[in-house]
Amino acid sequence: AVVSTQSTGEMYEMLMTYCQYNFDLGYVQGMSDLMSPLHCLFKDKQLAFWSFVGYMEKMELHFTMDQKRIQEKLSELSSLVYYCDSELYNHLEREDSSNFFFCFRWLLINFKREFKPTDVLELWEVLWTCPYDTDYSLFVATSMLLHERDTIISRKMNFSDILRYINDLSCSLDLHVVLGNAEALFHLIRSQEDLPFNIRSNILHLIEPSPYSSLESQAK
């Protein structure tokens, strides 16, 4: 209990320091979820703090008041699910759930509450080191939804049902199964030639081939 109280006090101190460090952003609910695994990993307050600062440089747009980046990610997730599984998407649309707000927590704090503490840092390391120019968390989220799609559809879940069901999955997911499914899904989608523009350009950031490329190669 003493250790827990000390840890909580140290995290509070670091979060308040961050508020001064990034005064324009300040503290937003959810930041403590990003701080706690780093604090547990490093023990040393200074190292934990500056690691958190570095992490927030990647995640800051998740916590702006207009929540623009999170809205963009929910829209991109919607596009991926629609492309991968139209039956699931159509069910969500019928149930007024195609806004994907039930995935808000997943994307806001990079699945921190969905996996066991020992798995969270492993997942984050995968997200941090993804060699492709894409937001890999979208493929993790899509693969998780596709894994649960039969249950969601067969039980005719509405938004409240889905939200409750998704939250109840917390800490019961096998990280390596999730990552394996996400990797397979990513490579499958990336290999398709008929990708919608928003997936090819906005999510995968693949460069569209020039209409003159084949003529140029022939000329050479």
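Throughout, residue positions are numbered sequentially from 1 according to the sequence presented. The figures here come from the full heavy-atom set of this structure, side chains too, leaving out hydrogens, waters and symmetry mates.
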For the atom pair [atom1] ([X]) and [atom2] ([Y]), what is the distance rounded to the nearest 0.5 Å?
X    : Y    : atom1 : atom2 : value
E72  : L107 : CD    : CG    : 12.0 Å
S98  : L74  : OG    : CG    : 11.0 Å
Q67  : L61  : CD    : CG    : 12.0 Å
E114 : L175 : CD    : CG    : 12.0 Å
K112 : M35  : NZ    : CE    : 12.0 Å
I152 : L145 : CD1   : CG    : 6.0 Å

key: Y55 reachable from V53 in the ILVMFWY side-chain graph, under 4.5 Å edges   =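 Yes; tracing contacts between hydrophobic side chains, which count when under 4.5 Å, links both residues.
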
inquiry  = Quick check: is Y136 connected to V177 through a chain of hydrophobic side chains (ILVMFWY, heavy atoms under 4.5 Å apart)?
reply    =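 Shared cluster, no.
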
request  = May I ask you to decide whether E95 forms a salt bridge with K156, counting only side-chain N to carboxylate O separations under 4.0 Å?
outcome  = no

inquiry  = Salt bridge or not between R113 and D33? Use side-chain N to carboxylate O under 4.0 Å.
reply    = yes

message = Once you measure the plane-to-plane angle for W50 and Y21, does it fall in the parallel (<30°), tilted (30-60°) or perpendicular (>60°) bin?
response =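 Perpendicular: the ring planes of W50 and Y21 meet at over 60°.
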
Spell out, as yes or no, whether a donor-acceptor pair under 3.5 Å connects the side chain of [X] to the backbone of [Y].
X    : Y    : answer
H91  : M157 : yes
S201 : F197 : no
S97  : E93  : no
N181 : V178 : no
S154 : D150 : yes
H62  : R69  : no
S143 : F139 : yes

task = Could you walk me through whether W106 and L77 pass the side chain to side chain contact (heavy atoms under 4.5 Å, CB included) test, one step at a time?
result = CA-CA 11 Å; W106 287 4; L77 177 60; 5.5 Å; no

ask   = Hey, are Y27 and N22 close enough side-chain-wise for a donor-acceptor pair under 3.5 Å?
value =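 No pair is found: no donor N or O on one side chain lies under 3.5 Å from an acceptor on the other.
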
Side chains of [X] and [Y], heavy atoms from C-beta outward: is any pair under 4.5 Å?
X    : Y    : answer
E87  : R149 : yes
N167 : R105 : yes
I162 : F101 : no
I199 : L204 : yes
Y83  : L195 : yes
L80  : I203 : yes
L34  : F63  : yes
C103 : M144 : no

How far apart are the closest heavy atoms of [X] and [Y], and which atoms are they?
X    : Y    : answer
L108 : I70  : CA-CD1, 3.7 Å
Y132 : H187 : OH-CE1, 3.3 Å
F49  : Y18  : CE1-N, 3.7 Å
C84  : I189 : SG-CD1, 3.5 Å
M56  : L25  : CE-CD2, 3.9 Å
L47  : D44  : N-OD2, 2.8 Å

Name every donor-acceptor pair, under 3.5 Å, that has one atom in a side chain of residues 115-130 and the other anywhere in the protein, sequence neighbours excluded.
residue, atom, partner, partner atom, Å
E122, OE2, H176, NE2, 2.8
W124, NE1, N110, O, 2.9
T129, OG1, E125, O, 2.6

task = Apply the side-chain contact (heavy atoms from CB on, under 4.5 Å) test between F52 and each candidate in M11, M59, M31; give the one that qualifies.
result = M31

request  = Begin from the C-alpha positions of R155 and D161 and carry the test salt bridge (Lys or Arg N to Asp or Glu O under 4.0 Å) through to its verdict.
outcome  = CA-CA 9 Å; R155 296 185 185 177; D161 297 329; over 6 Å; no

inquiry  = Applying salt bridge (Lys or Arg N to Asp or Glu O under 4.0 Å), can you list everything that pairs with R94, at least two apart in sequence or on another chain?
reply    =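 In terms of salt bridge (Lys or Arg N to Asp or Glu O under 4.0 Å), with neighbours along the sequence ignored, R94 is linked to no residue.
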
ask   = Is it the case that more than 12 heavy atoms not belonging to Y82 sit under 6.0 Å from its OH atom?
value = no

request  = Show the numbers, then the answer: is there a side chain to side chain contact (heavy atoms under 4.5 Å, CB included) between E148 and L169?
outcome  = CA-CA 10 Å; E148 305 300 329; L169 291 175; 3.9 Å; yes

message = Determine whether the aromatic ring centres of residues F102 and F100 are separated by less than 6.0 angstrom.
response =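 When the ring centroids of F100 and F102 are compared, they turn out to be within the sub-6.0 Å range.
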
